[in-house]
There are 2 protein chains.
Amino acid sequence: MQKEIYGDILNKENLRITKSRQMVLDILKDSPPKSIDEIFMIAKERDAKVSISTIYRTCETLSQKGLLYKSNFVEDGKARYEYPGKQHKHHAVCMNCHNIISIDDCPFGEFDEVMKSKYHFDVKSHSIEIYGYCSDCKLKQPQ
Amino acid sequence: MQKEIYGDILNKENLRITKSRQMVLDILKDSPPKSIDEIFMIAKERDAKVSISTIYRTCETLSQKGLLYKSNFVEDGKARYEYPGKQHKHHAVCMNCHNIISIDDCPFGEFDEVMKSKYHFDVKSHSIEIYGYCSDCKLKQPQ
DNA sequence: TTAGATGCAAATGTTTTGCAGGGCT
DNA sequence: AGCCCTGCAAAACATTTGCATCTAA
């Protein structure tokens, strides 16, 4: 990992440029959402001296600044963090192998308008999770 | 609470008709999703002698049988359970007061087809959560 | 009668926090 | 130098589980 990688975006949020933060961002860049222990494990593989509480704090800080996106859509009681791509994304979770596929398309469309007119609700964001079977697991599905 | 209420649906799933199960179903019927401790508190108010581990076990059993729907979309680390209505539903969570509004409409539409053709993913279900401000809280929202 | 349900307490697993020491600016 | 960040261990929560007792069928 180079020296000042991610320095610009960290600076912009008034966050100090530390190894932990650079590493977390680097692990999550171009990756599907990962849980704290997954991130921690990868950090260890990279031979980084970091504690799991730092991973917790780092992810929390980065997500509060909008540099990571936090979600809870895998029903295993673990939060997951993701590097926000250039574009809006959703996820499809395979009910068999639990792999996560990123989806570029979004079915939400003009639904903001429905929410406003019908429910008087001012939409700020939304999340859509899709559950089913990926191509590899289709044959193994129950029934 | 009458004697054999919910007896039919419990029987159909080969579950014994117990006070705890009847009560949990009764608390959740016609209610927005509730967490374990909310359900437990309401049970106590109803003067029921039940332990929180029974609430956990009851909710888990009922949701495995499809009599309740379990979700994790409120980002406070607590699972929530809901009585599945006659129809498919989504939720809008107010970012200020944290109230949950049930939404009858669904923007998902024919997206199953996109998932199949473009991602080779066999959709079984989906969940959509909408975040923003309810009519009461619109004025209080930041910026 | 008996398999299944519950209560209680202890165990587990995830996430948060206090505090002392270390690193970024 | 000064404040923020980190490590470590303990604490705080949410959830699960073992076992003895109870209860619906």
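- If you check distances only, the side chain of R16(A) never reaches the base of dG22(C) with a donor-acceptor pair under 3.5 Å.
- Residue I39(B) contributes atom CD1, which lies 10 Å from atom P of dT15(D) at whole-angstrom precision.
- Separation of atoms CG (N72(A)) and OG (S35(A)) is listed at 11.5 Å; rounding is to 0.5 Å.
- Taking OG from S31(B) and CD1 from I100(B), the interatomic distance works out to 8.5 Å, rounded to the nearest 0.5 Å.
- Which of dT15(C), dC5(D), dC8(C) sits closest to the side chain of T18(A) comes down to dC5(D).
- Salt bridge K118(A)/E113(A): absent, no basic N to carboxylate O contact under 4.0 Å.
- Between I36(B) atom CD1 and dT6(C) atom P there is a gap of 13 Å when expressed in whole angstrom units.
- The residue T61(B) sits apart from the nucleic acid: no heavy atom pair falls under 4.0 Å.
- Positionally, the nearest nucleotide of DNA chain D for K78(B) lies more toward the 5' end than for the other of K78(B) and S53(B).
- For the pair K19(B) NZ and dA24(D) P, the computed distance is 7 Å after rounding to whole Å.
- Atom CG of L10(B) is separated from atom P of dA5(C) by 10 Å (rounded to the nearest Å).
- In this structure, of dT6(D), dT16(D), dT14(C), it is dT14(C) that holds the atom nearest to the side chain of Y56(A).
- If you take CG of D76(B) and P of dT14(C), they are 18 Å apart, rounded to a whole angstrom.
- R21(B) comes within contact range of the sugar-phosphate backbone alone, with a heavy-atom separation under 4.0 Å but no base atom that close.
- A straight line from CD1 of I55(A) to C1' of dT15(C) spans 14 Å, rounded to a whole angstrom.
- L15(A) places its CG atom 18 Å from the P atom of dC3(D), with the value rounded to the nearest Å.
- No more than 12 heavy atoms of other residues, nucleotides or ligands lie within 6.0 Å of NZ in K116(A), so this atom counts as exposed by the packing criterion.
- In this structure, N14(A) atom CG and dC5(D) atom C1' are separated by 15 Å, rounded to whole Å.
- When the nearest nucleotides of DNA chain D are assigned to R57(B) and N72(B) by heavy-atom distance, the more 5′-ward of the two goes with N72(B).
- The two residues Q22(B) and I5(B) come nearest to each other via the heavy atoms NE2-O, 2.9 Å.
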